[in-house]
Amino acid sequence: MASEKVETVIAGNYLEMEREEGDSKSAKGKLSKLFWLGGSVYDAWFSCASNQVAQVLLTLPYSFSQLGMLSGILFQLFYGLMGSWTAYLISVLYVEYRTRKEREKVDFRNHVIQWFEVLDGLLGKHWRNVGLFFNCTFLLFGSVIQLIACASNIYYINDNLDKRTWTYIFGACCATTVFIPSFHNYRIWSFLGLMMTTYTAWYLTIASLLHGQVEGVKHSGPAKIVLYFTGATNILYTFGGHAVTVEIMHAMWKPQKFKLIYLIATLYVLTLTLPSASAVYWAFGDMLLTHSNALSLLPKTGFRDAAVVLMLIHQFITFGFACTPLYFVWEKFIRVHDTKSLFKRAIARLPVVIPIWFLAIIFPFFGPINSTVGSLLVSFTVYIIPALAHMVTFASASARENAVERPPSFLGGWAGSYTMNIFVVVWVFVVGFGFGGWASMLNFIRQVDTFGLFTKCYQCPPHKA
C-alpha cells in the first residue's frame with residue numbers, strides 16, 4: 001500500500017507539471033517546445049551524453065600515452081560502469097527526497113532541486129555543507145576547464161592571438177549562458193552538442209588511421225607511476241560528469257524514468273572515446289606526452305578546422321551545463337531564485353562568471369588540470385559522497401522497507417548494493433583521491449614550475465609563446 005501511495009504522489013505531481021508545460025498549442029508554443037522546452041527521457045539522455053564527453057575527448061589520447069593502450073581501455077570501461085552506478089544512486093536519493101517532500105505537500109514547480117538540498121533533506125545540514133562545497137568547487141573548476149579548452153582549441157585555427165587573449169574573448173562569450181533559465185532549455189543545445197562531439201571523435205579516429213604512425217613511433221606507457229595515476233584520474237574525471245544529475249532529473253517530466261539513462265549514455269560515449277583515444281595513441285605514441293590536446297598533432301585541414309569549431313560550440317554548451325547549477329546556488333543565496341523575470345535572474349548570475357574567468361587565466365594547463373580536478377574533487381563529489389549517502393540513508397530496516405526505489409535483485413538487493421558502495425568508496429578514496437591526488441598534484445606543480453602562473457600561451461610553439 002505504501003508503495004502504491006508513493007507512486008500516486010509522484011505520478012500525480014509530474015503529470016501536473018507535464019500538462020502545464022504542454023498546454024500551449026499555438027505555432028509559437030509548438031516551436032518553443034520543439035527547440036527550447038525539453039523534459040523527456042530523450043532530452044535527459046542527450047544532456048547526460050553531451051555533458052559527459054566534451055573537451056576531455058581531446059585529452060584522452062594524452063591519458064593513453066601515460067597509461068598505455070591496455071590500461072587506458074580497461075580504465076575507461078571500469079570508470080564508465082562505476083560512474084553509471086553512482087549516477088543511479090544519485091537518482092535514487094533524488095526520488096526518495098522528492099517523494100518525502102511531496103508527501104508533506106511541498107511544491108517544486110518554481111524551485112529547482114539540487115544535490116545539496118537532497119543531502120540536507122535526507123541526512124542533515126552537515127552532509128549538505130560537505131556536498132555543497134565539493135559540488136560547487138567541482139562545477140566551478142569544470143567551467144574553468146571548458147574555458148581553457150576554448151582558448152586551446154581556437155589557437156589551432158588562428159594563432160595570431162595567444163591563448164590568454166582567447167580566454168578573455170571566450171570568457172565574455174560564455175557569460176551569455178546566464179540567459180538560459182534551466183536544463184529544460186538545453187533541448188536543442190544538448191542534441192547539437194552530442195552531434196558535434198560525435199563528429200570530432202570520428203574525425204580523430206579516421207584522421208589518425210589515415211595519417212598512419214609517425215616515423216619511429218614509441219609506445220612506452222606506462223613508464224612512470226606518477227604519469228600512470230595522472231592518466232587514470234583524467235579518466236575518472238571523464239566519467240564523473242554526473243555532478244549535474246539532480247538538475248537534469250528535475251528538468252524531466254517523469255524523473256523516476258532516469259534510472260538507466262546515464263548507463264545508456266555512457267555506453268554511447270564509450271563508442272566515441274575508445275576508438276578515438278586508441279587511434280590517436282597508435283599513430284603518435286609518446287609524442288602525446290607533451291601534446292595534451294590531440295588536435296595539435298593532426299595536420300591542418302578543413303576537417304580539422306571543422307572539428308575545432310564544433311568543439312568550441314560544444315564547450316560553450318558544456319560551460320552552461322557546468323555553470324547552471326552554480327547559477328541556481330547563487331540565486332538561492334541572494335534570494336532571486338523564485339523570481340519570474342529572466343532578465344533579473346541573468347543580471348544576478350553574472351558575478352558567478354568572474355571567478356571562473358580569472359581562474360582560467362591563472363591556471364591555463366589544459367590536460368593536467370583535468371586530472372587534478374578529477375582526483376581532488378570528482379572523487380568525492382560524484383563517487384564517494386553518493387555511495388556513502390546511499391548507505392547512511394537506508395541504514396535502518398524501516399528506511400529500507402519504505403524505500404521508494406529498491407536495489408535491483410540481479411545485483412543482490414540491499415546486500416549487493418552495500419557491497420558495491422563500499423567497494424566504490426574504498427577504491428576511489430585509495431586509488432582516485434590517494435594515488436591519483438598525489439600524482440596529479442605533482443604533475444600540476446611541474447606545469448606551474450615549467451610554464452608559470454598566468455602563462456600567455458601554454459604548450460605553444462616557442463616562436464608563438
Side-chain angles (χ1 to χ4, degrees), residues 14 38-54 79-99 108 111-123 127-128 130-132 134-139 142-143 182-184 186 190 193-194 236-269 317-318 320-329 374 377-390 393 404-405 421 424 428:
Y14 293 163
S40 69
V41 169
Y42 301 103
D43 289 310
W45 182 83
F46 277 115
S47 292
C48 287
S50 178
N51 183 50
Q52 192 177 110
V53 58
Y79 282 134
L81 290 172
M82 189 182 284
S84 299
W85 171 251
T86 52
Y88 165 74
L89 297 179
I90 292 170
S91 73
V92 168
L93 292 170
Y94 168 85
V95 172
E96 184 73 27
Y97 167 77
R98 181 159 181 170
T99 304
F108 290 110
H111 182 94
V112 177
I113 298 172
Q114 294 189 266
W115 176 232
F116 72 92
E117 293 169 319
V118 172
L119 291 173
D120 188 21
L122 297 176
L123 298 168
W127 281 82
R128 176 200 67 196
V130 171
L132 184 62
F134 277 105
N135 201 254
C136 288
T137 311
F138 166 46
L139 291 170
S143 304
S182 76
F183 282 95
H184 273 305
Y186 275 94
S190 57
L194 191 58
L236 179 82
Y237 169 83
T238 303
F239 295 99
H242 44 292
V244 294
T245 297
V246 169
E247 287 84 359
I248 291 173
M249 283 187 73
H250 194 81
M252 294 177 69
W253 309 137
K254 297 182 180 179
Q256 68 268 45
K257 290 187 175 183
F258 183 87
K259 285 181 284 189
L260 292 176
I261 287 175
Y262 195 86
L263 175 62
I264 298 166
T266 298
L267 294 176
Y268 178 77
V269 165
I317 297 166
T318 314
F321 270 119
C323 225
T324 298
L326 294 176
Y327 295 151
F328 293 153
V329 172
L377 298 173
V378 175
S379 55
F380 284 95
T381 306
V382 294
Y383 293 100
I384 293 173
I385 291 175
L388 284 175
H390 188 264
T393 299
V404 178
E405 181 70 44
N421 287 344
V424 168
V428 175

Show the nearest heavy-atom pair for residues [X] and [Y], with the distance to one decimal.
| X | Y | value |
| --- | --- | --- |
| L89 | A387 | CD1-CA, 3.8 Å |
| T318 | S50 | OG1-O, 4.4 Å |
| F108 | H250 | O-NE2, 3.6 Å |
| I385 | L119 | CG2-CD1, 4.1 Å |
| Y237 | G142 | OH-CA, 4.4 Å |
| M82 | V428 | SD-CG2, 3.6 Å |

So, taking the atom named [atom1] in [X] and the one named [atom2] in [Y], what distance separates them when rounded to the nearest 0.5 Å?
| X | Y | atom1 | atom2 | result |
| --- | --- | --- | --- | --- |
| L93 | T245 | CG | OG1 | 11.0 Å |
| L139 | W115 | CG | CH2 | 13.0 Å |
| E247 | Y94 | CD | OH | 9.5 Å |
| C48 | Y268 | SG | OH | 14.5 Å |
| N135 | F116 | CG | CZ | 9.0 Å |
| S182 | F328 | OG | CZ | 5.0 Å |

Which donor-acceptor pairs under 3.5 Å do the side chains of residues 257-265 make with protein atoms, sequence neighbours left out?
from	atom 1	to	atom 2	distance (Å)
Y262	OH	Q52	NE2	2.8
Y262	OH	H242	ND1	3.1

Who are the salt bridge (charged side-chain N to carboxylate O under 4.0 Å, His left out) partners of E96, not counting sequence neighbours?
R100
For a 4.5 angstrom cut-off between non-hydrogen side-chain atoms, does [X] reach [Y]?
| X | Y | result |
| --- | --- | --- |
| M249 | I90 | no |
| Y327 | V112 | no |
| L122 | W127 | no |
| V244 | T324 | no |
| E405 | Q256 | no |

Distance-only, no hydrogens or angles: does the T86 side chain make a donor-acceptor pair with backbone N or O of P386 under 3.5 Å?
no
Got a donor-acceptor contact below 3.5 angstrom from the S40 side chain to the D43 backbone?
yes
Test: side chain to side chain donor-acceptor pair (under 3.5 Å). Region: residues 380-390. Which pairs qualify, not counting sequence neighbours?
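The answer is H390-N421.
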Give the ring-plane orientation class for F321 versus Y186, where under 30° counts as parallel, over 60° as perpendicular and anything between as tilted.
parallel
Is it true that W85 and Y88 have ring centroids separated by less than 6.0 Å?
yes
